[in-house]
Undergrad: 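What follows is a structure written as structure tokens; I'll ask about it next.
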There are 2 protein chains.
Amino acid sequence: MKNSKAELIVDVAQRLFAKYGFKKTTIDEIAHSAHIAKGSIYYYFGSKEDIFRAVLDKENRLWSQKVREVINRASTPQEKLRAYLVTRTKYLSKLTNFYSALREEYLEHYAFIENIRKRYFREEIEIVKAILEEGVKKGIFKVEELGLMAFVIVAALKGLEYPWTMEIPMPDIEKSIDFLLKMSFNGLLKK
Amino acid sequence: MKNSKAELIVDVAQRLFAKYGFKKTTIDEIAHSAHIAKGSIYYYFGSKEDIFRAVLDKENRLWSQKVREVINRASTPQEKLRAYLVTRTKYLSKLTNFYSALREEYLEHYAFIENIRKRYFREEIEIVKAILEEGVKKGIFKVEELGLMAFVIVAALKGLEYPWTMEIPMPDIEKSIDFLLKMSFNGLLKK
DNA sequence: TTTTGACCAATTTGGTTATTTGGTCAATTC
DNA sequence: GAATTGACCAAATAACCAAATTGGTCAAAA
């Protein structure tokens, strides 16, 4: 038995949320699509928000796994940082629900979505922090305040996401990242 | 006579827009607050959007002036860049309408606000580009692609704005900027 | 232990009417 | 004639309300 009922619900909900968004997807639809009664859903989940959280968690686990995998495969801290930046950005747009929930759907700003957003923001900072830490330990990076540095990097990344929301013609994302990295490593100043 | 009627309208509208936002402020209110008839407003402005644009322009001129002033006062390109980053960020939050229009009010996403947003985004990029250009000419900076570099810097700045919208406890903004700058100048790598 | 569907309170929807809004303009004032 | 006015209008919005839908419950059944 590879799929428990709870997983089935999450899978179905994932598809529907992706298509219609959180608000427009109804529990009845989910139940119907999953060929179970509505009551069954509430046997496994406490609320609609709970289901959504489960979907987001699933997508985030996938993203997190992929990102960590790519980071581990890279050998130097520089490569790790680059691998992280490129992968996280490319992969993020594939996580339909995660992405739209944290960007578009926040028009409605549900409190629970805000919380999820914060949690993942912190998670990203932790990932970057770990990379920087390794770099410092290996004597490759020179960073005084790890936490702040990680914060600034992640915040800057968010900034790179922003323009394409605004439909400003944006230079190719990967090029921008490579550029940001090159500058980060070597600095602006002429040697 | 130091205030033309058009200026009076803009001043009154500025106050009201700041308090109630674009949508909730009515032409009747503006007319009433300015002690003139509604028709008079349309003698000077073509539409409500026009008035709003005028308010935004006024605030932007102020901001722009302040920023350029501070930049000119600084002597080295490094100082100019720092002066720009700090001033632009600190000052931006004072421009009530400008700020809220380009952040909160975009929930409604009026096309004309999107356009203004884009224009100011480009304006910021130009300012940064000019600073970088000077730095390169003086042989202080080493930047290959000026446009892209300026874009990345401004985008990163937007990223630093983002967290306090999300109410994530954010490290002090000035500290972050100094940090970002130090890193930008010297790079992450150990020498 | 799981599953069900009738059931309920609360919210959302669709349709209608009343009010307000942005914008016009002929008449009036300066 | 440039500037100002307020009554006026079509269109948008708010207010209202009944009907439908929604998230969530629960006693009964499997």
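Each chain gets a letter, A, B and so on, in the order the sequences are listed, and its residues count up from 1. Side chains are part of it too, since the values below use all heavy atoms of this structure and drop only hydrogens, waters and symmetry mates.
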Undergrad: Report the distance from atom CZ of A/Phe22 to atom C1' of D/dG23, rounded to the nearest whole Å.
TA: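 Atom CZ in A/Phe22 sits about 10 Å away from atom C1' in D/dG23.
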
Undergrad: With distance as the sole test, does B/Lys80 use its side chain to make a donor-acceptor pair with the main-chain N or O of B/Ile131 at under 3.5 Å?
TA: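 Such a contact is absent between B/Lys80 side chain and B/Ile131 backbone.
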
Undergrad: Choosing from C/dT3, D/dG23, D/dA3, which nucleotide comes nearest the side chain of A/Tyr42?
TA: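 For the A/Tyr42 side chain, the nearest candidate turns out to be D/dG23.
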
Undergrad: Would you mind reading off the distance between A/Lys24 atom NZ and D/dT21 atom P, rounded to a whole angstrom?
TA: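 It is 14 Å, rounded to the nearest whole Å.
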
Undergrad: Under a 3.5 Å distance rule, please check whether B/Ser40 uses its side chain to pair with a backbone N or O of B/Ile36 as donor and acceptor.
TA: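 Such a contact is absent between B/Ser40 side chain and B/Ile36 backbone.
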
Undergrad: For B/Lys38 and B/Asp28, indicate whether the former's side chain and the latter's backbone hold a donor-acceptor pair under 3.5 Å.
TA: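 Absent.
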
Undergrad: Toward the 5' end of DNA chain D, which comes first, A/Thr25 or A/Gly39, by nearest nucleotide?
TA: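 The answer here is A/Thr25.
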
Undergrad: By the 4.0 Å heavy-atom rule, please label B/Phe45 as base, sugar-phosphate, or nothing.
TA: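 It contacts nothing in the nucleic acid.
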
Undergrad: Go through D/dA3, C/dG23, D/dG24 for me and flag the one nearest to the A/Lys38 side chain.
TA: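 Looking only at heavy atoms from C-beta outward on A/Lys38, the closest nucleotide is D/dG24.
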
Undergrad: D/dT5, C/dT4, C/dT3: which one has an atom nearest the side-chain heavy atoms of B/Ala37?
TA: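 Nearest nucleotide to the side chain: D/dT5.
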
Undergrad: Of all the choices, D/dT22, C/dT4, D/dT4, which nucleotide is nearest to the side chain of A/Ile36 once you look at every atom?
TA: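 Ranking D/dT22, C/dT4, D/dT4 by closest atom to the A/Ile36 side chain puts C/dT4 first.
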
Undergrad: Between P on C/dT21 and OH on B/Tyr20, what's the gap in Å once rounded to a whole number?
TA: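 Value for this atom pair: 13 Å.
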
Undergrad: Could you tell me how far apart B/Asp28 (CG) and D/dT5 (P) are, to the nearest whole angstrom?
TA: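 Result: 14 Å.
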
Undergrad: Check every strand shown and say whether A/Ser40 touches a base, only sugar-phosphate, or nothing at a heavy-atom separation below 4.0 Å.
TA: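 The residue A/Ser40 makes base contact.
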
Undergrad: Grab the CD1-P distance between B/Ile27 and D/dA11 for me, whole Å please.
TA: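 Roughly 19 Å, once rounded to whole Å.
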
Undergrad: Would you say D/dC26 has OP1 or OP2 under 4.0 Å from some side-chain N or O of A/Tyr43?
TA: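 No.
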
Undergrad: Output the rounded distance in Å from NZ (B/Lys48) to P (D/dA11).
TA: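 Checked: the NZ to P distance equals 18 Å.
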
Undergrad: Would you mind reading off the distance between B/Lys23 atom NZ and D/dA12 atom P, rounded to a whole angstrom?
TA: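 In whole Å, D/dA12 P lies 13 Å from B/Lys23 NZ.
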
Undergrad: Kindly indicate whether a cation-pi arrangement holds for B/Lys48 with B/Phe22, taking the cut-offs as under 6.0 Å to the six-membered ring centre and within 45° of the axis.
TA: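 Verdict for B/Phe22: a cation-pi partner in B/Lys48.
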
Undergrad: Minimum heavy-atom separation for B/Val70 to B/Ala83, with atom names?
TA: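 Scanning both residues, the minimum pair turns out to be CG1-CB, 3.2 Å.
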
Undergrad: Can you check the B/Glu49 CD to C/dG23 P distance for me, whole Å?
TA: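 After rounding, the gap between these two atoms is 8 Å.
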
